[in-house]
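To find a chain, count down the sequence lines: A is the first, B the second, and so on, and within it residues start at 1.
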Number of protein chains: 2
Amino acid sequence: MTPTSRTKLTRLPKRGAHDTATIYPILDEGLVCHVSYILNGQPFMIPIAYCRIGDVVYIHGSVGSHFLRELAKGIDVCLAVTLMDGLVLARSAFHHSVNYRSVILFGKTRLVTDDAEAWDVLKQITEHLIPGRWEDTRQPNDSEMKKTMVLAIDIEEASAKVRTGNVNDDPEDADLPHWAGVVPLTIQPQTPIQDPSQNPEITVPNYVTGYKRN
Amino acid sequence: MTPTSRTKLTRLPKRGAHDTATIYPILDEGLVCHVSYILNGQPFMIPIAYCRIGDVVYIHGSVGSHFLRELAKGIDVCLAVTLMDGLVLARSAFHHSVNYRSVILFGKTRLVTDDAEAWDVLKQITEHLIPGRWEDTRQPNDSEMKKTMVLAIDIEEASAKVRTGNVNDDPEDADLPHWAGVVPLTIQPQTPIQDPSQNPEITVPNYVTGYKRN
């Protein structure tokens, strides 16, 4: 995607990217996005689940949601997905950093009124959260579909920013006695907790026991 | 904090809270916040490290940063911190959810010009990232302080939203054969990777080997 004045990276441009090959895997790995918008001249923001299909990011929620009804009017939003990959512990406090992958994108919201598109989105939001789950659920009925609002954000502009690798201390600090390096961070699933009201003989599916995020 | 029209929760108010005893631990546990603001009538957003001291959230960065220079003018921002605690796998796709703790807050930015306040912030941002680290670094010199901009966001309004617990399926779905339950998620530190240019006899400090986020 061609950088514009909104997405051109002015600081540390070496960390920036505008290609979908960098941007889309970040969108596909994140669990939650943040959507910011303007209401009555004030900035607002909400964290929300999402999915990507092609060049579109989708969110969904209750038709009774105030903020979704605001977004359903078709307004400009800025959407961010941020993945934390590690702490970067330099010898100097100044060069402390984090390894991360983040995407900022801009687009207008669009209410999804096509039933087939909405169905595909609900499927993909579930599959985005945990691949393999959709076919192992009781899928939405008409009443649930009517209670659900689906919004599209057609990506107009997007940029990624990524920091990887080890510390970057000043040469004159090289011999300082402070341990220097990176502490990688990952999202780790813990032991699944079955609904206590369910028959314990129903075993945990493989897509749960093998769940990982990256 | 008293809810206003900006922070009053209209959907699922049972999940909402406005007390600092709920809000501040969420701010203190997060690694990254998202800050949204308005520029030329458009919503913008940036993910950034931060810390909280009292009723103030602080961010910092390079004095050359375009977005920090914009924020330094003293403008309205909305700031979010979101912690993902687990996947909630209901029998029905409709009742799928996530366990999370999130804070949305509003405030005006303020450029920190007092050297002592700025120093305390840089210390606290480091300690927020990894407690115990500040005293084990080469602390900032005058040149580094001059290159660093510190911004305060005095919290005007804030609200927290929290979902905990197990699935919440419809009673008529109780006997469906789909495994139902929660998959807790945590941020897990991996084996630290020392700067290859550093003497390997410098051992990994206890505050690194014992690092955990919650």
Side-chain angles (χ1 to χ4, degrees), chain A residues 10-11 31-32 34 36-38 42-45 47 62 64-66 76-78 80 82 84 87 89 91-94 96 102 104 122 126 129-130 136-140 144 166-167 173 176-190 192-195 198 202 204-205 208 211, chain B residues 10-11 31-32 34 36-38 42-45 47 62 64-66 76-78 80 82 84 87 91-94 96 102 104 122 126 129-130 133 136-140 144 166-167 173 176-190 192-195 198 202 204-205 208 211:
Chain A
T10 51
R11 289 293 308 165
L31 282 168
V32 67
H34 287 78
S36 71
Y37 59 105
I38 301 174
Q42 296 272 336
F44 276 77
M45 179 164 30
S62 165
S65 156
H66 257 252
D76 287 321
V77 296
C78 177
T82 305
M84 291 293 290
L87 312 176
L89 307 181
R91 296 158 182 82
S92 65
F94 184 77
H96 273 59
S102 70
I104 299 284
L122 299 184
T126 306
L129 198 66
I130 176 165
D136 189 19
T137 63
R138 198 267 294 151
Q139 293 173 11
E144 291 168 342
N166 218 300
V167 299
D173 289 335
L176 290 178
H178 313 301
W179 186 89
V182 169
V183 183
L185 300 176
T186 59
I187 293 177
Q188 187 73 38
Q190 307 296 305
I193 302 163
Q194 190 180 21
D195 179 354
Q198 189 173 51
I202 296 179
V204 185
V208 171
Y211 186 77
Chain B
T10 51
R11 289 295 306 165
L31 282 168
V32 67
H34 287 79
S36 72
Y37 59 105
I38 302 174
Q42 296 272 337
F44 276 77
M45 182 164 28
S62 165
S65 157
H66 256 252
D76 287 320
V77 297
C78 177
T82 305
M84 291 294 289
L87 312 177
R91 295 157 182 83
S92 65
F94 184 76
H96 273 60
S102 70
I104 299 283
L122 299 184
T126 306
L129 197 66
I130 176 164
R133 181 63 179 172
D136 190 21
T137 62
R138 198 266 295 153
Q139 294 174 10
E144 289 167 342
N166 218 300
V167 298
D173 289 335
L176 290 177
H178 312 300
W179 186 88
V182 169
V183 183
L185 299 175
T186 59
I187 293 177
Q188 188 73 39
Q190 307 296 306
I193 302 163
Q194 189 179 23
D195 179 354
Q198 190 174 50
I202 296 180
V204 185
V208 172
Y211 185 78

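- Per-residue counts of heavy-atom pairs under 4.5 Å with chain B were compared for A:Pro47, A:Cys78, A:Pro140; the largest is that of A:Cys78.
- Ranked by non-hydrogen atom pairs under 4.5 Å with chain B, the options A:Val183, A:Leu31, A:Thr82 are led by A:Thr82.
- A:Met45 and B:Ala80 make their closest contact through CE-N, 3.6 Å (heavy atoms, listed as atom of the first residue, atom of the second, distance).
- The choice from B:Val167, B:Thr126, B:Val32, B:Val204 that makes the most heavy-atom pairs within less than 4.5 Å of chain A is B:Val204.
- For A:Pro177, the part sitting under 4.5 Å from any heavy atom of chain B is the backbone (N, CA, C, O) and nothing else.
- Among B:Gly181, B:Ser92, B:Pro192, the residue with the largest count of heavy-atom pairs under 4.5 Å with chain A is B:Ser92.
- Looking at A:Ser102, only its side chain comes within 4.5 Å of chain B, counting heavy atoms on both sides.
- Both the backbone and the side chain of A:Val182 come within contact range of chain B, with heavy atoms under 4.5 Å apart.
- When B:Ile193, B:Ile202, B:Leu176, B:Ile187 are compared by the number of non-hydrogen pairs under 4.5 Å with chain A, B:Ile193 comes out ahead.
- For A:Thr137, there are no side chain to side chain donor-acceptor pair (under 3.5 Å) partners two or more places apart in sequence or in a different chain.
- Side-chain contact between A:Gln190 and B:Gln188 is present, with at least one heavy-atom pair separated by less than 4.5 Å.
- Atom CG of B:Leu185 sits about 6.5 Å away from atom CE of B:Met84, to the nearest 0.5 Å.
- Evaluation of the side chain to side chain contact (heavy atoms under 4.5 Å, CB included) rule for B:Ile130 yields A:Leu87, A:Leu89, B:Arg133, B:Tyr207, B:Val208, B:Tyr211 as partners, not counting sequence neighbours.
- Both the backbone and the side chain of A:His34 come within contact range of chain B, judged by heavy atoms closer than 4.5 Å.
- Both the backbone and the side chain of A:Asp136 come within contact range of chain B, judged by heavy atoms closer than 4.5 Å.
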Should B:Leu122 and B:Glu144 be marked as a side-chain contact (heavy atoms from CB on, under 4.5 Å) after you check the CA-CA gap, both sets of side-chain angles, and the distance that decides it? CA-CA 11 Å; B:Leu122 299 184; B:Glu144 289 167 342; over 6 Å; no

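- Salt bridge present: B:Asp173 and A:Arg138 bring a charged side-chain N and a carboxylate O closer than 4.0 Å.
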